[in-house]
Number of protein chains: 2
Amino acid sequence: MQTDPVSRFRRFARAVTAEVGALDSSFLGRGRPLGAARVLNAIGQGRADVAEIRAYLGLDSGLMSRLLRGLEEEGLVVTRPDPGDARRRIVSLTDAGQTEFAAYERLSDERAEALLSRHADQDALLAAMDRVASALLREKIEMREVDPRAPEAVHCLQAYYGELARRFPQGFEVSLSRDPEAGAMVRPRGSFIVAFSDGLPIGCVGLKGTGADYSEIKRLWVSPAARGLGLAHQLMARIEAIARELFITVLRLDTNSALPEAVALYRRAGLREIDRFNDDPYPDHFFEKRL
Amino acid sequence: MQTDPVSRFRRFARAVTAEVGALDSSFLGRGRPLGAARVLNAIGQGRADVAEIRAYLGLDSGLMSRLLRGLEEEGLVVTRPDPGDARRRIVSLTDAGQTEFAAYERLSDERAEALLSRHADQDALLAAMDRVASALLREKIEMREVDPRAPEAVHCLQAYYGELARRFPQGFEVSLSRDPEAGAMVRPRGSFIVAFSDGLPIGCVGLKGTGADYSEIKRLWVSPAARGLGLAHQLMARIEAIARELFITVLRLDTNSALPEAVALYRRAGLREIDRFNDDPYPDHFFEKRL
DNA sequence: GCATTTACCTGACTTAAGTCAGGTAAAATT
DNA sequence: AATTTTACCTGACTTAAGTCAGGTAAATGC
């Protein structure tokens with residue numbers, strides 16, 4: 001019986017090999033050997049340093065040199081010496097190279113679309129794919145400070161409000177269109193952080209300068225695809241570090257017992273439970289931390 | 001922002017390519033070119049017909065011939081003419097070939113284990129991987145009649161009872177050790193079906209001959225990894241076909257409103273709701289279908 | 001300032017993979 | 001029975017990928 005973890009993983013590998021291999025094969029759709037196509041795409045993704053591309057693709061220096069020359073002869077890339085170190089070379093795409101790279105991207109998109117369109121339960125499938133990818137990439141999660149009105153932030157906040165609406169027994173009213181608190185979550189009064197995993201927004205947290213003698217942590221959310229990876233802790237640590245940068249000395253936050261994992265997280269993170277400090281109807285738990 | 005389906009799928013492909021590629025590379029761990037190793041493994045998996053292996057691996061007939069001869073020279077496989085068609089050839093592993101194939105399997109297992117061990121949230125990760133694999137392989141689901149006391153069946157039944165225990169407000173008492181009903185779910189009185197996806201049991205259903213003038217459908221279960229693929233319908237259709245084979249004319253079943261998707265399924269499947277026909281404390285919905 | 005290291009290039013080579021045009025014997029078709 | 005098709009084999013060839021031993025020029029270390 002193939003129910004042990006190793007068998008399950010190997011079954012997964014067998015299942016995705018065919019589909020993912022088909023995606024890779026878009027690198028062969030334009031009459032260019034795989035090696036040259038991979039180099040072109042590495043450059044298209046923004047890699048400019050020859051040594052970096054070589055390390056990324058695991059190529060021999062001689063082979064890399066020949067592949068690059070081939071692309072140069074095709075008129076797709078140009079190289080010039082690194083001004084800071086004339087031994088090194090900087091590569092970039094010409095206009096023709098941009099066009100060719102875009103064609104590869106389109107091919108990949110088309111194959112991905114064709115593969116996906118064969119599946120009826122796309123939402124569930126993509127959710128599971130997000131989960132697998134987030135777990136596999138968990139060491140490469142990147143956090144960026146963004147404006148809470150930026151699309152990445154709005155994406156997270158919509159998911160957050162949607163979840164509140166589902167989980168609060170009394171529901172939750174979304175008033176996202178013009179968030180009155182957004183202005184308080186930008187520097188220098190506050191901040192807003194979005195966590196990305198290979199480009200996909202998977203979590204957020206806000207720091208809201210209230211003008212009073214404390215600041216508030218708001219809208220801590222982690223995508224279902226990324227739960228169990230310790231991301232909420234990382235977000236809390238990061239926003240706390242920013243609070244210190246902004247000379248904030250007292251952090252407060254409120255939450256609801258319908259979100260028991262949030263309550264547990266705040267307790268574990270060393271926040272102290274305090275009395276109600278606002279008259280918001282939703283929260284029933286209140287925390288504080290002095291920095 | 002990379003939140004559209006195509007970007008999410010491509011992110012998934014990027015994330016798994018590295019890991020799955022590492023698994024594939026176990027085919028290179030024994031000093032044999034990839035092509036030869038793939039042929040050896042195809043034979044080890046039970047493929048015996050040369051033409052079938054050629055089609056499966058997408059090889060040219062000349063190349064296949066040479067790879068096979070190489071393996072023969074290594075003493076790993078033997079070929080003999082197909083007795084039914086002397087043009088065709090049957091390949092099988094020698095003892096040395098068996099040993100070599102087992103070594104490849106061990107390599108793959110070890111790599112899989114190493115990859116998995118790097119992940120803390122294994123249960124959630126494997127659940128998501130099962131879901132992805134089941135969706136990708138949904139056209140290759142295989143249903144087999146098995147004894148309800150066989151390990152594959154017990155695996156499904158444990159999952160089934162576990163889910164009942166979680167979902168019934170009053171809980172559910174598992175008395176699996178010696179299932180008194182198992183004997184009524186084997187031919188000629190009844191039947192038990194397990195659905196497999198590339199070896200993993202992902203669903204089951206039982207047909208219980210009661211001795212009375214009706215038979216019962218019992219223990220319809222679909223793994224969370226395979227929901228949304230229409231498997232429950234397939235299982236119902238299959239068990240109904242078997243009931244006809246056994247000259248059963250009336251099918252009954254009971255279920256509980258804590259399982260709304262089951263109630264909805266039975267209604268959609270054309271079963272008629274009837275009055276309570278037993279004094280089991282758990283069910284509160286009763287269905288019948290005349291064949 | 002001089003030796004060493006580094007980044008890239010070049011030429012000669014090997015290996016793996018695959019293609020293509022025949023060829024043989026058995027099976028299927030007419 | 002003759003023809004065609006099929007399954008496999010063989011030899012000659014091409015291409016892609018990669019390896020290895022030098023070589024040049026710039027940067028670095030002592």
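Values below: every heavy atom of this structure, side chains too, minus hydrogens, waters and symmetry copies. Each chain gets a letter, A, B and so on, in the order its sequence line appears, and its residues count up from 1.
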Just call it for [X]: base, sugar-phosphate, or nothing, with non-hydrogen atoms closer than 4.0 Å on any strand.
| X | value |
| --- | --- |
| B:R54 | sugar-phosphate |
| A:R69 | sugar-phosphate |
| B:D85 | sugar-phosphate |

Side chain of [X] only, please: which of [options] is the nearest?
| X | options | value |
| --- | --- | --- |
| B:R87 | D:dT5, C:dG18, C:dT5 | D:dT5 |
| A:V50 | C:dC8, C:dA17, D:dA25 | C:dC8 |
| A:A86 | D:dA27, D:dT5, D:dT10 | D:dA27 |
| A:D49 | D:dT19, C:dT5, C:dC8 | C:dC8 |

*Establish, yes or no, whether the cationic atom of B:R47 lies under 6.0 Å from the six-membered ring centre of B:Y56 and within 45° of the ring axis.*
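So B:R47 does make the cation-pi contact.
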
Round to the nearest Å and state the distance from [X] atom [atom1] to [N] atom [atom2].
| X | N | atom1 | atom2 | result |
| --- | --- | --- | --- | --- |
| A:D82 | C:dT6 | CG | P | 17 Å |
| A:E52 | C:dT6 | CD | P | 19 Å |
| B:L63 | D:dT10 | CG | C1' | 13 Å |
| A:R89 | C:dC8 | CZ | P | 9 Å |
| B:I90 | C:dA26 | CD1 | C1' | 15 Å |
| A:L67 | C:dT10 | CG | C1' | 14 Å |
| B:R88 | C:dA25 | CZ | C1' | 15 Å |
| A:L34 | D:dT15 | CG | C1' | 13 Å |

*Relative to the 5' end of DNA chain D, which residue comes earlier, A:P33 or A:G84, by the nucleotide with the nearest heavy atom?*
A:P33

*Take A:R38 and B:G62, find for each the nucleotide of DNA chain D with the closest heavy atom, and name the residue whose nucleotide sits nearer the 5' end.*
B:G62

Cationic N near anionic O, under 4.0 Å, [X] to [Y]:
| X | Y | answer |
| --- | --- | --- |
| B:R244 | B:E240 | yes |
| B:E100 | B:R32 | yes |
| A:D24 | A:R111 | no |

*Strictly by modelled atom types, are B:S92 and B:R80 linked by a side-chain donor-acceptor pair under 3.5 Å?*
no

*Does the D:dG18 base have a donor-acceptor partner in the side chain of A:R66 within less than 3.5 Å?*
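Not at all, since no donor on one side and acceptor on the other fall under 3.5 Å apart.
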
*Would you kindly compare A:L68 and B:D60 by the position of their nearest DNA chain C nucleotide and give the one closer to the 5′ end?*
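Nearer the 5' end of the strand: A:L68.
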
